[in-house]
Amino acid sequence: MLRNQVQELVEQAVIAGQADASLPAIEMPQVEIARPKQPEHGDYSTNIAMVTAAAIRKATESKPNPRQIAQAIVDHMPDDPLISAAEIAGPGFINLRLAEEWLQEQVAAIVAAGDEFGTIDQGAGQRWQVEHVSANPTGPIHYGGARNAVLGDTLANVLEAAGYEVQREFYVNDGGTQFRLFIETLYARYAQLLGRDEPIPADGYQGDYMLDYAQQIVEEAGDRFLRMPRDAALTELRPLGRALVLVSLEEELAGMGVRYDNWFSEQTLYDEGLIEQSLNYLQERGELVKRDGAVWFLASNYPKHEKDVVVIRSNGQPTYFAGDIAYHYDKFLRRHFDKVIDVWAVDHQGHVPRMNAMMQAFGLDPDRLVILMYDLVKLIEDGKEKKLSKRAGNIITIQEVVEQVGADALRFNLLTRGPESTIEFDMDLAVREAKENPVFYVQYSHARICSMLDKARKAGFAPAAEFDEMDHSVLALLSQPSELALIRKLLEMEEQIATAVEKLSPHNLTYYAMDVAKAFNSFYRDARVIDPDAPALSQARVYLSQATQVVLARTLGLLGITAPQEMWRDDVEIDE
RNA sequence: GUCCCGGUAGCUCAGUGGAUUAGAGCGCUUCCCUGCGGAGGAAGAGGUCGCAGGUUCGAGUCCUGCCCGGGACGCCA
């Protein structure tokens with residue numbers, strides 16, 4: 001990665017400076033490379049001189065001058081085609097400028113990398129799992145689940161781009177009370193459709209969608225389940241109801257581009273004895289105790305966890321947390337993921353400490369489990385919050401929002417904010433604003449490039465793929481400010497991916513996409529790409545446009561958003 | 001009561017301890033189509049970064065307290 005290359009050069013300078021005693025032989029602080037806000041401050045800068053000065057001051061009580069330290073580092077900067085200038089500025093910053101020739105050459109590198117541009121090998125084949133959404137399999141997913149889905153899915157994309165092997169998993173809560181109520185409701189609706197007066201359970205699911213599911217059962221099985229005892233019918237309905245609801249969940253999520261590698265059934269934890277096995281494991285390690293007729297996990301043994309947690313109720317039933325223990329036992333001790341990211345809504349925040357304690361009780365590094373929390377989505381209607389409940393059948397579904405706003409705009413919108421922000425969602429506003437969504441600006445730029453490259457091809461300026469070998473010599477002609485600014489912006493991609501991975505919040509990529517589009521549009525305004533009178537320059541600009549197309553397509557791809565070849569306004573009024 | 005997360009432009013939100021000017025989108029104002037897609041470009045107005053202390057060479061960013069908003073504190077899931 002570019003930033004790392006720059007960092008290494010500075011580190012080499014530091015070592016060289018120490019070798020000839022221009023710099024004191026102390027242990028040097030880590031060199032941090034930043035991107036200055038102001039372009040006059042170069043492409044990269046480092047505060048290493050000031051940090052070093054502070055370290056020396058602390059160690060020796062002398063008063064070193066940061067600018068002198070900076071000078072020593074600058075004097076020892078190795079010659080490298082990457083860097084054209086290293087300047088000292090302000091209190092002791094070292095500002096580094098990328099060489100123009102090197103920048104120009106990168107256009108070829110981007111085009112050559114194509115779909116792979118931006119990929120970094122940080123993950124080095126580590127196996128990570130991202131478990132997300134995991135909504136109860138009892139009906140359509142609430143709009144809040146869309147946030148979870150988009151966050152998890154995009155994060156998984158980004159991790160893959162960073163070289164991690166990622167499994168996307170949906171935990172199907174088919175072992176607990178809610179799923180039982182769902183099946184009982186399904187049975188009731190089924191019986192009602194066949195004319196029997198069967199009440200929906202008290203806490204059952206009131207939504208109309210249950211009638212659709214019941215109707216499908218009727219079509220598949222006729223009245224078969226009425227001709228057996230209720231308990232037997234409920235048992236047989238479980239797999240059928242599960243299949244129905246999973247198909248609709250899968251469709252709903254696919255509607256916004258979210259797909260899974262694995263749907264993990266909670267029930268299998270019971271069926272395969274994993275609850276018992278994982279609890280035995282904890283028992284052997286002395287982490288469980290029997291008290292008041294129940295079995296407790298001694299979470300209070302671990303820092304920050306004051307309370308113990310019940311895993312087996314006094315009635316012998318395991319708690320939901322017992323399922324979590326077994327599930328994560330399976331993730332780490334059977335499937336051996338290097339790292340697991342669970343994407344949870346903030347209302348589960350109280351469970352995080354016990355998950356951390358659980359990891360330690362397993363004898364595992366708690367950092368291998370990351371609970372990624374996102375805040376709620378509140379529904380606003382007529383300026384007021386609307387309370388929703390799936391059980392009451394009163395929810396805004398993902399599908400509704402996708403239909404009204406569009407999957408691309410929805411994903412982009414959800415990814416313009418950090419996970420911790422609370423989202424107030426107003427459907428009317430969203431529909432009104434959908435057309436103004438910046439995602440179209442990005443997509444439009446991409447379509448515009450595609451169309452223009454097409455025209456270029458016809459004019460005899462072929463994009464690189466159609467050459468056996470790219471003509472690098474023309475790239476040196478890309479020397480206008482807006483051309484170089486665009487190249488610089490394109491080269492940020494690896495760092496943007498690294499940032500998204502580091503902070504486990506990929507929303508910076510949406511801003512990056514807008515930046516790239518903006519840089520391209522400025523370039524496009526300033527520079528005429530197809531100009532028969534200047535064939536070499538035209539060819540160079542075609543390459544640059546192509547590189548931009550590569551970056552936009554890749555960035556949109558990571559965000560799970562389509563990169564259209566063309567798009568036309570369909571709502572333009574034709575004047576006169 | 002304890003703990004967690006927010007509070008940045010009219011609105012929706014970004015912002016890795018840095019550099020006399022804190023950013024984007026939308027909205028608002030003014031310009032730019034005889035040149036490849038105007039869903040565009042150039043510029044402008046708009047801010048006590050909730051409040052008060054502290055740490056430091058340097059704070060929107062870290063620490064403490066307070067105010068406001070949201071959430072969590074079950075043998076529920």
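Labels below follow one simple rule: chain letters A, B, ... track the order of the sequence lines, proteins then strands, and each chain is numbered from 1. None of these values were measured; they are calculated from a predicted model. No hydrogens, no waters, no symmetry mates; every other heavy atom, side chains included, goes into these values.
Checked by distance alone, A:Asn47 brings a side-chain donor or acceptor within 3.5 Å of a matching partner on the base of B:G18. At a cut-off of 3.5 angstrom, the base of B:G6 holds no donor-acceptor pair with the side chain of A:Glu420. Side-chain atoms of A:Ser522 stay outside donor-acceptor range of the base of B:A42, with no qualifying N/O pair under 3.5 Å.
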Pairs under 3.5 angstrom, nitrogen or oxygen only, protein versus nucleotides 32-36 of chain B, please.
from, atom 1, to, atom 2, distance (Å)
B:C32, O2', A:Arg525, NH2, 3.3
B:G35, N2, A:Arg528, N, 2.8
B:C36, O3', A:Lys455, NZ, 3.1
B:C36, O2', A:Tyr524, OH, 3.2
B:C36, O2, A:Ile530, N, 3.3
B:C36, N3, A:Val529, N, 3.0
B:C36, N4, A:Tyr524, O, 3.4
B:C36, N4, A:Ala527, O, 3.0

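Spacing of P atoms, B:A19 relative to B:C49, comes out at 15 Å, to the nearest Å. With both ends at atom P, the span from B:G65 to B:U21 equals 34 Å, rounded to whole Å. Taking the C1' atoms as reference points, B:A45 lies 8 Å from B:C28, given to the whole Å. Taking the C1' atom of each, B:C11 and B:G46 are spaced 12 Å apart, rounded to whole Å.
Side-chain atoms of A:Gln349 come within 3.5 Å of backbone N or O of A:Val346 as a donor-acceptor pair.
Residue-nucleotide stacking is present for A:His41 and B:A19, judged by a side-chain ring centre under 5.5 Å from the six-membered base ring centre and planes under 30° apart.
The base-pairing partner of B:A72, taking Watson-Crick or G-U wobble contacts with both distances under 3.5 Å, is B:U2.
A donor-acceptor contact closer than 3.5 angstrom is absent between the side chains of A:Tyr512 and A:Glu495.
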